[in-house]
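Read the structure below first, then the notes.
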Amino acid sequence: MPAAAPVYIWVTEVFGDSALTLAFAYLVLVLPYSYRALDAGLSALDLKTLSEAARSLGAGWGTVMLRVIAPNMSGALLNACLLSVALVLGEFTIANLLNYVNLQVAINMLGRANAGVSIAVSVASLLFAFLLLLVLSFAGGTRVRSARVR
């Protein structure tokens, strides 16, 4: 039984025995990795200057966040998404301990019955994860570099 079992028991009592419990567990797992990716993106920006410039031009705080800061953090947001997807696609332990049958638990149960089919499904899921992460990595697009003035 993991050390966080009382927390998951409380979440199960509040939300019921649904996929929200597993989503809460994955959220707790993903938060430190996402925080570090977003922190690295924020530390690379001069937030004070950007926000003061936007506010001096009449933008509200919502506009500053959505139209000034978020586009400048697209790389950090994309890295946080990639880390989250990779962690959730590879997570087996918590789903198994909470008795949820997701893809990884189903592959484990399938491996007990038929090892060959389990290997085939594992390879297919790894290829799916690789393609999904590849598509997500290109979702940010490329930036157009401006020509240098001589």
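For clarity, every value in this text was computed on a predicted model and none was experimentally measured.
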On a heavy-atom basis, the closest approach of Ala70 and Leu66 is CB-O, 3.8 Å
Going by atom type alone, with no hydrogens or angles, which donor-acceptor pairs under 3.5 Å involve a side-chain atom of residues 25-36 and a protein atom two or more places apart or on another chain?
residue, atom, partner, partner atom, Å
Tyr26, OH, Asn102, ND2, 3.1
Ser34, OG, Val30, O, 3.3
Ser34, OG, Ser84, OG, 3.4

Check for me, please, whether Ile119 and Leu103 land in the same ILVMFWY cluster - side-chain distances under 4.5 Å, paths through other members count.
no
Tell me if a side-chain donor or acceptor on Ser122 pairs with a main-chain N or O of Ser118 at a distance below 3.5 Å.
yes
According to a 4.5 Å side-chain heavy-atom criterion applied to Ile, Leu, Val, Met, Phe, Trp and Tyr, with indirect links allowed, do Val135 and Leu126 form part of one hydrophobic cluster?
no
Which pair of heavy atoms, one from Ala54 and one from Val64, lies closest together, and at what distance?
CB-CG2, 3.7 Å
From Leu136 atom CG to Asn79 atom CG, the distance as rounded to the nearest 0.5 Å:
11.0 Å
Which heavy-atom pair separates Ala76 from Ala37 by the least distance, and what is that distance?
CB-O, 3.5 Å
Honestly curious: do Leu57 and Leu45 fall in one hydrophobic cluster under the side-chain, below-4.5 Å linking rule?
no
Separation between CZ (Phe138) and CG (Leu133), nearest 0.5 Å, reads 12.0 Å
Check whether any side-chain heavy atom of Ser51 lies under 4.5 Å from a side-chain heavy atom of Val68, and answer yes or no.
no
Looking only at heavy atoms, the pair that brings Ser137 and Leu82 closest together is N-CD2, 4.1 Å
If you count every heavy atom of other residues, nucleotides or ligands that lies below 6.0 Å from Arg67 atom CZ, does the total exceed 12?
no
Judged by atom type as modelled, is there a donor-acceptor pair below 3.5 Å linking the side chain of Asn114 to the main-chain atoms of Leu110?
no
Would you mind writing out the side-chain donor-acceptor pairs for residues 85-96 within the sub-3.5 Å range, not counting sequence neighbours?
residue, atom, partner, partner atom, Å
Glu91, OE2, Thr93, N, 2.9
Glu91, OE2, Ile94, N, 2.7

How far does CD of Gln104 sit from CE of Met109, to the nearest 0.5 angstrom?
11.5 Å
For Ser43, the side-chain hydrogen bond (donor to acceptor under 3.5 Å, both in side chains) test, sequence neighbours excluded, returns none
Might you point out which heavy atoms bring Thr49 and Asp46 nearest each other, and give the distance in Å?
OG1-OD2, 2.5 Å
Quick one: CG on Leu47 to CD on Glu52, what's the gap to the nearest 0.5 Å?
11.0 Å
